[in-house]
Amino acid sequence: MQPARLCILLLLSVVLGGCSRERPYTEEIGAWQAEKDQFMRRASDSPVPEAQRATFPPLPYFPVNEEYRVPAALKVISSDQILEMPTSTGQARKMRRVGTLAFTLKGQPRTLTAFVEATEADLRRLFVPFADLTNGSETYQGGRYIDLDRTATGLYDLDFNRAYHPFCLYNSTYDCPVPPRENRLVIPIRAGERLGA
């Protein structure tokens with residue numbers, strides 16, 4: 001690992017809660033996946049139609065790969081930039097750009113824009129929709145999402161192993177934002193939720 005990347009990862013680990021972990025990273029992601037499965041099968045607000053929940057299978061994921069967990073720095077956008085993001089039902093969702101996440105993945109510098117709903121006053125949670133070269137074959141054609149809790153430092157743990165499909169994949173009545181052009185990565189992201197075989 002390059003010294004600069006190691007320093008950034010160490011700094012990020014301190015900022016996000018220290019170097020020691022209660023459990024190994026793969027177990028942490030496994031627990032997160034298990035919680036998602038429980039939500040899909042049992043929660044009253046699950047997107048899975050109620051009649052299908054009892055037999056709904058575990059969600060498929062790419063193998064956990066720490067290469068897809070990278071430090072990112074948020075450059076906040078000072079103006080209220082509103083984007084009308086198209087959705088899966090042909091509507092438009094007004095989203096506000098909060099800032100640009102800068103990170104390095106596969107040895108190349110990359111960026112993704114972080115959003116909140118235009119009417120949302122609470123900026124503590126960032127919405128990062130993205131598309132990549134797996135869409136339409138290995139993952140949902142409409143892209144995937146990552147949610148981030150806002151940090152005071154502007155440093156983020158951008159973990160594509162936590163990427164998930166929009167709920168409209170499981171229920172067509174959901175109105176899901178489609179990642180804008182600025183959030184289309186020109187590489188395959190084989191991490192996070194995937195389509196079944």
Side-chain angles (χ1 to χ4, degrees), residues 1-2 4-6 8-13 15-17 19 21-40 47 56-74 85 88 98-115 125-151 155-170 176-197:
M1 181 177 292
Q2 296 175 352
R5 179 175 163 80
L6 180 59
I8 291 172
L9 287 173
L10 288 173
L11 175 61
L12 188 59
S13 71
V15 168
L16 297 176
C19 293
R21 293 184 175 276
E22 292 182 9
R23 56 186 162 188
Y25 175 69
T26 53
E27 289 182 20
E28 181 183 320
I29 295 298
W32 176 80
Q33 293 171 353
E35 286 174 15
K36 178 86 179 278
D37 286 339
Q38 290 297 313
F39 167 79
M40 299 295 273
F56 190 76
L59 294 170
Y61 292 89
F62 289 101
V64 177
N65 184 344
E66 287 202 61
E67 184 180 11
Y68 288 102
R69 181 188 188 200
V70 294
L74 181 70
M85 202 176 287
S88 57
V98 175
T100 302
L101 290 159
F103 59 98
T104 298
L105 184 63
K106 299 287 187 180
Q108 295 295 318
R110 304 181 193 279
T111 60
L112 287 172
T113 303
F115 298 89
R125 195 144 177 91
L126 302 178
F127 173 61
V128 186
F130 72 95
D132 69 274
L133 296 184
T134 67
N135 297 158
S137 55
E138 298 169 271
T139 61
Y140 176 58
Q141 63 184 4
R144 289 179 290 167
Y145 304 155
I146 294 175
D147 296 320
L148 296 172
D149 291 326
R150 192 76 181 267
T151 69
L155 294 176
Y156 289 83
D157 184 8
L158 184 61
D159 192 349
F160 290 96
N161 292 290
R162 295 180 185 269
Y164 64 94
H165 283 136
F167 285 171
C168 51
L169 175 62
Y170 312 107
C176 302
V178 176
R181 184 177 301 277
E182 65 204 76
N183 277 14
R184 294 179 186 171
L185 299 172
V186 291
I187 58 170
I189 303 293
R190 293 190 172 95
E193 198 174 328
R194 62 172 298 167
L195 295 175

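It should be emphasised that the depicted structure is a prediction, and the values quoted were computed from it without experimental measurement. Throughout, residue positions are numbered sequentially from 1 according to the sequence presented.
Within the 4.5 Å cutoff, the side chain of L105 has heavy atoms near those of the F160 side chain. Counting only heavy atoms from C-beta outward, the side chains of F127 and D147 approach each other to under 4.5 Å. In this structure the side chain of I187 reaches within 4.5 angstrom of the side chain of R110, judged on heavy atoms. Taking 4.5 Å as the limit, every side-chain heavy atom of R69 sits out of range of all side-chain heavy atoms of R162.
To the nearest 0.5 Å, the span separating CG on L126 from CD1 on I146 amounts to 11.5 Å. One finds the CG atom of L101 at 7.5 Å from the CZ atom of F103 (value rounded to the nearest 0.5 Å). To the nearest 0.5 angstrom, F56 atom CZ is 4.0 Å from M40 atom CE. Rounding to the nearest 0.5 Å gives a distance of 10.5 Å between CG of L158 and CG of N161. Here T26 contributes atom OG1 and N65 contributes atom CG; the two are 11.5 Å apart, rounded to the nearest 0.5 Å.
Checked against salt bridge (Lys or Arg N to Asp or Glu O under 4.0 Å), R144 has the following partners two or more places apart in sequence or in another chain: D132. Annotation: side chain to side chain donor-acceptor pair (under 3.5 Å) contacts of R190 (sequence neighbours excluded): E138.
Y140 and N135 get closest at one heavy-atom pair: O-ND2, 3.4 Å. Across L74 and A114, no two heavy atoms sit closer than the pair CD1-CB, 4.3 Å. For the pair L195 and S137, the tightest heavy-atom approach, listed with the atom from each and the gap, is CD1-O, 3.6 Å. For the residue pair R194 and T139, the shortest heavy atom distance occurs at CA-CG2, 4.1 Å. Closest approach of W32 to A163, counting heavy atoms only: CH2-O, 4.4 Å. Looking at every heavy atom in both residues, V70 comes nearest to T104 through CG1-O, 3.4 Å.
With D37 contributing its side chain and P57 its backbone, the two residues share no donor-acceptor pair below 3.5 Å. Judged purely by atom type and a 3.5 angstrom limit, Y156 uses its side chain to pair as donor or acceptor with the backbone of T151.
Below 30°, between 30° and 60°, or above 60°: for F39 and F167 the angle between ring planes is below 30°, a parallel geometry.
Checked against the 6.0 Å centroid threshold, F62 and Y68 do not count as a close aromatic pair.
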Side chains of residues 176-186: which donor-acceptor partners sit under 3.5 Å, not counting sequence neighbours?
residue	atom	partner	partner atom	Å
E182	OE1	R97	NH2	2.7
E182	OE2	R97	NE	3.0
E182	OE2	T113	OG1	2.7
N183	OD1	T113	N	2.7
N183	ND2	T113	O	2.9
N183	ND2	P129	O	2.7

